[in-house]
Amino acid sequence: MSTITMPPPDARILARAPQIIARLEAVLPDGTVIWDPEETRAYECDALTAYSCAPLAVVLPRTTEEVATALRICHQERVPVVPRGAGTSLAGGALPTADSIVISTIRLRDVLEVDTTNRFIRVQTGVTNLAVSAELEADGFFYAPDPSSQLACTIAGNIAMNSGGAHCLKYGVTTNNLMGMRMVLTSGEIVDIGGPVLGASGLDLLGLLCGSEGQLAIVTEATLKIVPKPEGARPMLIGFDSAEVAGECVARIIRSGLLPVAIEYMDDVCLRAVEAFAKAGYPKCAALLIVEVEGSEDEISSQIEAIRSIAVELSPVEFRSSRNADESLAIWKGRKAAFGAMGRLGDYLCLDGTVPVSQLPYTLKRIGELSKEYGLEVANVFHAGDGNMHPLILFNANAPGELERAEQFGADILRLCVDVGGCLSGEHGVGIEKRDLMTKQYSPTDMAIQMEIKDIFDPAWLLNPAKVFPLETSRCHREEAKKR
Amino acid sequence: MSNAVDRTPDVASPSSEAEMAEYIADRRDASTPLQVIGGGTRLITSNSGGGAQRLSTRSLNGVVTYEPGALTLVVRTGTAIEEIEKLLAGEGQALAFEPMDHRSLMGTSGSPTIGGVVACNVSGPRRTLVGACRDHLLGVRFIDGRGRIVKNGGRVMKNVTGLDLSKLLCGSYGTLGVLTEVALKTLPVAETEQTLAFKNISLNEASRMFASALSTPFEVSGAAFVSGSAWLRIEGFSRQVAYRRERLLNMFRQSEIEVEDVTASRRLWRDLRDLRHFAGSDLPVWRILVKPTDAPMVASALEALGGSVSLDWGGGLIWYAGEASSADIRRASHPGQALLVRRGTASDFKVFPRESESVSRLSCALRKTFDPAGILNPGLMDS
């Protein structure tokens, strides 16, 4: 069906499945281990739905100790383990193999400590991103990273993928907002790193773990930095009749010293779909920017004025700033509905390359040319302020060969991102989706040292198999690991 | 400890990345220990670190790319901070994490480099608002202890491609590799700033005041305390600063506050950043990271040992200058973590605090992977 291959399942593990499951069931509470194929099917894929494979079993622990117990048994049995949060990964980061056990953090749902005086919150990592902010709402604080999937996605997944979101232009991504964690190594050993202090006093293991895509450990608790809510926030819409001019506008806003909390970009393909779906009242134009600023009423109006004068010099098709809460909601409504709206047009692949902001106009132009060559339509909707692009390649999964063509087109776009000085993934992670493109961005030595780090944390190479590192690149390490 | 290392002839300084790689590979083969330095201005050696060959990045200098519109700077690690600051200032930008200049504190001369800043994750008073050096680091190139040239990250704001070694290298004090190139995020300098100076305030009162101020939406970008005075910095567009100042003055109307204008404020925070109040002596200086509400307890335990303390990062960072023993200081700092910054007369103190057994084992394994022969700043990070 597809161009990305996974290693064949280990027949010895498949043969021992009943014993392995029995061992897990013997020590974990009732209802923690799921192995009925009817039930494990719910875990066969994440949001990269083109790939699916039901695991051997699923473990749903409620405590760190249960995670440790499960990992210890899997380690003794040499069973691969696929860590999973809510399964919203767009990169196949939580795709199981047939011989693997999924350990999900979804039942680790306790908020452990809220400390607004020291400005942190400590949670189990199955808590959803939005629930963290909801917990802080009454105290006037919030948790800054806000991935589009924030209603469903968990802190565990956010840490694994170092998730960002629309507002990370000002507040940073997960790694900039993570102060400490409790993690479990494949051996079952529980390790605490960091805590409610500003910085590490030894090696920055926290920075290494964040974004490690479940390759090194399973994170069960997190201490997160919290931020006082701004007095107010207001978005504005700026429409342009060319992508280049919109890109120029982004660069000028950033140069000006203004620091909007978000600069989002939508192109005409996306705008048409969004209008049909959400009726957000967006202007008809080639490129639309949504820029949001924060502060007191007076601070907001002066920032809006400053951005208006930058935009006006570039002759926008439309400039419209929100005057009240309803208008703000309307402006964000379309952007937030964008992925859903695109889904109505058919199947799509959502890419995640990042380019230097100065390269946005060229990259958009080149994507347009590639779109014609491949005969597949592309919609662009992304975080322009930090160059994190999300081209959506539209295709029909039922048409033979079209998924493969879309994947090839996607690979070309990601190579383009690397060629202009960017990277394969800004916030979704490598997973399986970009695994085979890693050689484009990294030399064998660059990857060797990363794999040597995996050797330390996961000597038997059981965690999240066949992700991140191309199979050919990791073959040596995986074979050595089998001997451990 | 010798401070005058910067221009001594026994410092090796290869002038290209390839030469640096070759140099390190040769030392690996001979198991020659190396003391890795930039400009040598922040120098702290391991307590057994004598006799190592000094290796400096200072000849790897120059800007690779600077794109003000993309807020990114790529620079070779031997480049002087002064040169970078001048270049960025020309575009109205700066390194927002305002790295400390250690020269007055350490009594060193020479030219601090960006490589030294990144290797030690040097982060100034704006830490509470904008994060540390590591939060502004986008990518690195380095040579590990085997002489391999490695790159990680890139020059874009968001990058989750593969493991994040940039963060790991930042703050590794040269024990994992010798940085040759770093990519950093730059930010616009605020149009203006002012500082509220609280007079006749105790450390306990200052600590409570910091907690309130840092919980407001007014983006306080500095919160420090030195001997009976405390300061809050506010930055932004002039109308914004005026508004924030009035709101904060109103909040703390019971206190005795003077407002410092932009010129005085900039000078003040530069002095606080550089720990001028502990300059000009040879007492050991320690840097202790604590949960901010623990600051009063830890500070008073430290003061009871003799010596003096000051606070930065809203109380999350305690500086201590005094002669107490290493064991006493680490005990008084608990549950905070004490790091030795200026050795002074304390020749036998370990620099880094003790880690948990698990963390220590992982850290040792990482160092061994990056530097199997143990030639890069050997022993420096041992706890």
Side-chain angles (χ1 to χ4, degrees), chain A residues 116-119 161-162 164 172-173 175-176 189 191-193 196-205 207-208 210-212 228-231 251 254-255 257 296 298-299 302 354-358 386-388 421-427 429-430 438 441-442 445-446 449-450 452-453 456 468, chain B residues 67-72 92 127 131-132 134-135 144 148-152 154-165 167-168 170-172 188 191 211 214-217 237 239-240 243 289-293 313 316-317 336-337 339 352-353 355-356 358-359 362-363 365-366 369 381 383:
Chain A
T116 52
T117 314
N118 288 303
R119 298 173 300 284
M161 296 309 195
N162 190 16
V173 296
T175 191
N176 311 115
E189 184 180 354
V191 182
D192 288 323
I193 325 174
V197 291
L198 292 171
S201 31
L203 291 181
D204 188 354
L205 299 184
L208 175 66
C210 191
S212 62
K229 275 201 294 193
E231 288 174 271
I254 287 176
R255 274 303 297 277
S296 66
D298 183 57
E299 288 170 328
S302 58
T354 303
V355 300
V357 176
S358 53
D386 45 34
N388 185 191
C423 67
L424 298 172
S425 181
E427 59 183 2
V430 176
M438 282 287 274
Q441 187 172 332
Y442 286 123
T445 311
D446 299 338
I449 204 156
Q450 297 183 31
E452 288 160 15
I453 291 173
I456 296 172
V468 183
Chain B
E67 275 193 55
L71 306 176
T72 49
R127 172 73 178 89
R134 56 92 88 180
D135 296 297
D144 76 357
R148 296 184 292 186
I149 299 175
V150 183
K151 74 166 181 302
N152 189 265
R155 62 178 174 104
V156 287
M157 293 296 155
K158 281 163 82 182
N159 187 344
V160 296
T161 320
L163 296 183
D164 189 346
L165 305 189
K167 300 272 185 306
L168 185 63
C170 188
S172 68
E191 184 182 286
L214 292 169
S215 296
T216 66
F237 295 94
R239 269 168 69 183
Q240 203 170 28
Y243 167 77
L289 296 179
V290 292
K291 189 162 82 173
T293 49
W313 301 357
L317 169 59
Q337 302 263 303
L339 176 87
F352 282 83
E355 295 173 317
S356 75
S358 309
V359 169
L362 290 169
S363 300
L366 285 165
T369 294
M381 287 190 89
S383 56

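All values below come from the heavy atoms of this structure, side chains included, with hydrogens, waters and symmetry mates left out. Lettering of chains follows the sequences in order, A, B, ..., and the numbering in each one begins at 1.
Both the backbone and the side chain of A/Thr117 come within contact range of chain B, judged by heavy atoms closer than 4.5 Å. Proximity to chain B (any heavy atom under 4.5 Å) is restricted, for A/Asn388, to the side chain, taken from C-beta onward.
For A/Thr354 (side chain) and B/Lys158 (main-chain N/O), a donor-acceptor pair under 3.5 Å exists by modelled atom type. Counting only distance, with no hydrogens or angles, the side chain of B/Asp164 and the backbone of A/Cys210 share no donor-acceptor pair below 3.5 Å. Of the possible donor and acceptor atoms, one in the side chain of A/Gln450 sits under 3.5 Å from a partner among the backbone N and O of B/Leu163. Put simply, the side chain of A/Ser425 never gets that close to the backbone of B/Thr161: no donor and acceptor are under 3.5 Å apart.
The two residues B/Val150 and A/Ile449 make their nearest non-hydrogen contact at CG1-CG2, 3.8 Å. Across every non-hydrogen atom of A/Pro230 and B/Pro217, the tightest pair is CA-CB, 3.9 Å. Summarising the geometry of A/Gly202 relative to B/Phe352, their closest heavy-atom pair is CA-CD2, 4.4 Å, with the distance given to 0.1 Å. Closest heavy-atom contact between A/Pro356 and B/Glu67: CB-OE2, 4.3 Å. Across every non-hydrogen atom of B/Trp313 and A/Leu198, the tightest pair is CZ3-O, 3.4 Å.
Contacts with chain A were tallied for B/Leu362, B/Asp144, B/Ile149; B/Leu362 has the most, counting heavy-atom pairs under 4.5 Å. Chain B forms the most heavy-atom pairs under 4.5 Å with one residue out of A/Gly172, A/Gly199, A/Ser201, A/Gly211, and that residue is A/Ser201.
With a 4.5 Å cut-off on side-chain heavy atoms, B/Met381 and A/Leu203 count as touching.
Atom CD1 of A/Ile456 is separated from atom CG of B/Leu366 by 4.0 Å, given to the nearest 0.5 angstrom.
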